Amino acid sequence: MKAAIVDVIRKGGLRRVAEKLEDQQIHSIRLKTEVMPEAELELGVSKLGGLPDLPKGTEWPTWKDVPLSFIAQLRMSDVTAYDVENALPRSGILYFFYDAEEQPWGFRPDERGGWKVLYYSDLSLLARTPPPPILPEESRFKACALQFSSEVTVPDNKSLYIEELELTQEEQNLLRTLLLQSEVFQEEDEITHRLLGYPDQIQGEMQLECQLVSHGLYCGDHTGYQDPRAAELKAGAMDWRLLLQVDSEESAGMMWGSVGRLYYWIRHQDLKACNFDNVWLVLQCT
């Protein structure tokens, strides 16, 4: 796959930056779903939607005294074989939650808490845990079994990684054309869930947004980007990487904005330390 991508880049007229683009390719773990009765899923297995298999006694995550929706759980032993970078914990489970009723976009500093990622390494006392009764039915999702595969990803032409290449306008146009037209870069289907790798962006670059908003700057318009602190903070934007991308999926009952996606972002250093307390989320849609 990597060789095929490099070949497309070189033949597409981007020979000058082909080697740099090759270096920027990173692996992602693609998630494929199949709706399945909860009872047929073993305790602790990776899944999208349904009920979380939490350690006994775990308090259900809330925001503003309202329970968050359970989005997914990923058992690390299920994904280890596909984690080419060895970036994820080798054991335990990651749990992802989100306020599916309010659907915070992630561009306001005060939206912190509208999502939550939990990590537990001890899987000995798991229990299938129903949500608090006040969680609306429309904020509960159908259980989906997951299958995994390894996939090479390249940065979007609007990403900070491409910005650093200082492409000419002609090269930018060439790259945009390649990403849109080449079969190597095309998705097999429209629904794209992924763990790690580069995001499938809908509304543009997110790393700087995560950096600025997580440091208290509002990014719903140009305010945060034009703040005097933004220039200094920008240096840390590349610390952020995609943790999990969750697409809208009608079969599971998930719809983010107008056919959008949820992107859970984490700093490289936090992922290495298995610290998921500072994850930032961005919602993008068409």
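Everything quoted here is computed from the prediction, not taken from an experiment.
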_Donor-acceptor under 3.5 Å (Ser69 side chain, Asp99 main chain)_ = no
*Is a side-chain donor or acceptor of Glu205 paired with a backbone partner of Leu208 at a separation under 3.5 angstrom?*
yes
*Nearest-0.5 Å distance that lies between atom CD1 in Ile93 and atom CG in Asp78*: 8.5 Å
*Would you mind checking if Lys234 and Glu163 are paired as a salt bridge, meaning a charged N to carboxylate O distance below 4.0 Å?*
yes
*Would you call Glu232-Arg229 a salt bridge at under 4.0 Å N-O?*
no
*Mind checking whether Leu283 and Leu195 sit in one hydrophobic cluster, side chains of I, L, V, M, F, W, Y counted as touching below 4.5 Å?*
yes
*Considering only NZ, NE, NH1 and NH2 on the basic side and carboxylate oxygens on the acidic side, decide whether Lys47 and Asp53 come within less than 4.0 Å.*
yes
_Which heavy atom of Asp277 sits nearest to which heavy atom of Asn275, and what is that distance?_
N-OD1, 3.1 Å
*asked:* How long is the straight-line distance from NE2 of His268 back to CG of Asp270, given to the nearest 0.5 Å?
replied: 10.5 Å
*asked:* Quick one, Tyr98 and Lys116 - any side-chain contact, counting heavy atoms below 4.5 Å?
replied: no
*Side chains of Leu135 and Arg140: closer than 4.5 Å at any heavy-atom pair?*
yes
*Can we call the ring centroids of Phe70 and Tyr95 under 6.0 Å apart?*
no
_Verdict with supporting geometry, Val66 and Ile134, side-chain contact (heavy atoms from CB on, under 4.5 Å)_ = CA-CA 8 Å; Val66 176; Ile134 62 172; 5.5 Å; no
*asked:* Less than 6.0 angstrom separating the ring centers of Tyr264 and Trp280, yes or no?
replied: no
*Cluster check Ile266, Leu31: I/L/V/M/F/W/Y, side chain < 4.5 angstrom*: yes
_For the student: nearest non-hydrogen atoms of Met36 and Ala145, plus distance_ = CE-CB, 3.9 Å
*Please confirm whether the backbone N or O of Asp247 pairs with a side-chain atom of His193, one donor and one acceptor, at under 3.5 Å?*
yes
*Spell out, as yes or no, whether a donor-acceptor pair under 3.5 Å connects the side chain of Glu111 to the backbone of Arg108.*
yes
*Can Ile29 and Ser149 be said to form a side-chain contact (heavy atoms from CB on, under 4.5 Å), step by step?*
CA-CA 6 Å; Ile29 303 172; Ser149 62; over 6 Å; no
*Locate the shortest heavy-atom distance separating His27 from Ser150; write the atom from each residue and the value.*
CD2-OG, 3.3 Å
*Would you mind reporting whether Val279 and Trp265 have side-chain heavy atoms less than 4.5 Å apart?*
no
*Cys285 vs Val259, side-chain contact (heavy atoms from CB on, under 4.5 Å): CA-CA, chis, key distance, verdict*: CA-CA 6 Å; Cys285 67; Val259 198; over 6 Å; no
*Atom pair OG1/NZ of Thr33 and Lys142 - distance to nearest 0.5 Å*: 12.0 Å
_Does either side chain, that of Ser28 or that of Arg194, offer a donor lying less than 3.5 Å from an acceptor on the other one?_
yes
*Look only at the side chain of Gln203 and the backbone of Gln284, and say whether a donor-acceptor pair between them is shorter than 3.5 Å.*
no
*Indicate yes or no for a side-chain donor-acceptor contact from Glu101 to the backbone of Leu68 under 3.5 Å, with no hydrogens or angles considered.*
no
*Who passes side-chain contact (heavy atoms from CB on, under 4.5 Å) against Ser251, sequence neighbours left out?*
Val35, Glu249
_Note: Arg241-Glu85 ion pair, threshold 4.0 Å (strictly below)_ = yes
*Quick one: pull up CG in Asp239 and CG in Leu271 and give me the separation to the nearest 0.5 Å.*
12.5 Å
*Using atom types as modelled and distance alone, determine if a side-chain donor or acceptor of Ser248 lies under 3.5 Å from a backbone N or O of Gly260.*
yes
*Do side-chain atoms of Ser159 reach the backbone of Pro155 as a donor and acceptor pair under 3.5 angstrom?*
no
*Is it true that a side-chain atom of Ser46 and a backbone atom of Arg75 form a donor plus acceptor pair closer than 3.5 Å?*
yes
_Distance flag, aromatic centroids of Trp60 and Phe97, threshold under 6.0 Å_ = yes
_Heavy-atom side-chain contact between Thr153 and Gln25 under 4.5 Å_ = no
*Just by distance, do the side chain of Thr58 and the backbone of Leu54 share a donor-acceptor pair under 3.5 Å?*
no
*asked:* Trp240 vs Gln211, test: side chain to side chain donor-acceptor pair (under 3.5 Å). Steps then yes/no.
replied: CA-CA 7 Å; Trp240 292 88; Gln211 175 70 351; 2.9 Å; yes
*Going by heavy atoms in the side chains, are Pro67 and Pro132 under 4.5 Å from each other?*
yes
*Phe96-Leu51 co-clustered via ILVMFWY side chain contacts under 4.5 Å*: no
*According to a 4.5 Å side-chain heavy-atom criterion applied to Ile, Leu, Val, Met, Phe, Trp and Tyr, with indirect links allowed, do Leu48 and Leu243 form part of one hydrophobic cluster?*
yes
*Taking it one step at a time, do Phe141 and Trp256 satisfy ring-ring contact (aromatic ring centres under 6.0 Å, His included)?*
CA-CA 12 Å; Phe141 307 112; Trp256 314 124; 5.6 Å; yes
*Answer yes or no: is there an ion pair linking Arg90 with Asp83, defined by an N-O contact shorter than 4.0 Å?*
yes
*Is there a chain of hydrophobic side chains (I, L, V, M, F, W, Y, each step under 4.5 Å between heavy atoms) that links Leu242 to Tyr161?*
no
*Taking all non-hydrogen atoms of both residues into account, name the closest pair between Leu94 and Met76 and its distance.*
CD1-CE, 3.8 Å
_pair Leu74-Leu146: side-chain heavy atoms closer than 4.5 Å_ = yes
*asked:* Please report the interatomic distance OG1(Thr223) to CG(Leu217), rounded to the nearest 0.5 Å.
replied: 9.5 Å
*Any side-chain heavy atom of Glu209 sitting closer than 4.5 Å to one from Tyr225?*
yes
*Can you find a pair of side-chain heavy atoms, one from Leu118 and one from Pro61, that are under 4.5 Å apart?*
yes
_Run the side-chain contact (heavy atoms from CB on, under 4.5 Å) test on Asp221 and Phe107 for me, step by step, so that the C-alpha distance in whole Å, both residues' side-chain angles and the decisive distance to 0.1 Å come before the verdict._
CA-CA 9 Å; Asp221 55 26; Phe107 55 68; over 6 Å; no
*Separation of Thr80 OG1 from Leu88 CG (nearest 0.5 Å)*: 8.0 Å
*Of the non-hydrogen atoms in Ile71 and Met254, which two are nearest, and what is the gap between them?*
O-CE, 3.5 Å
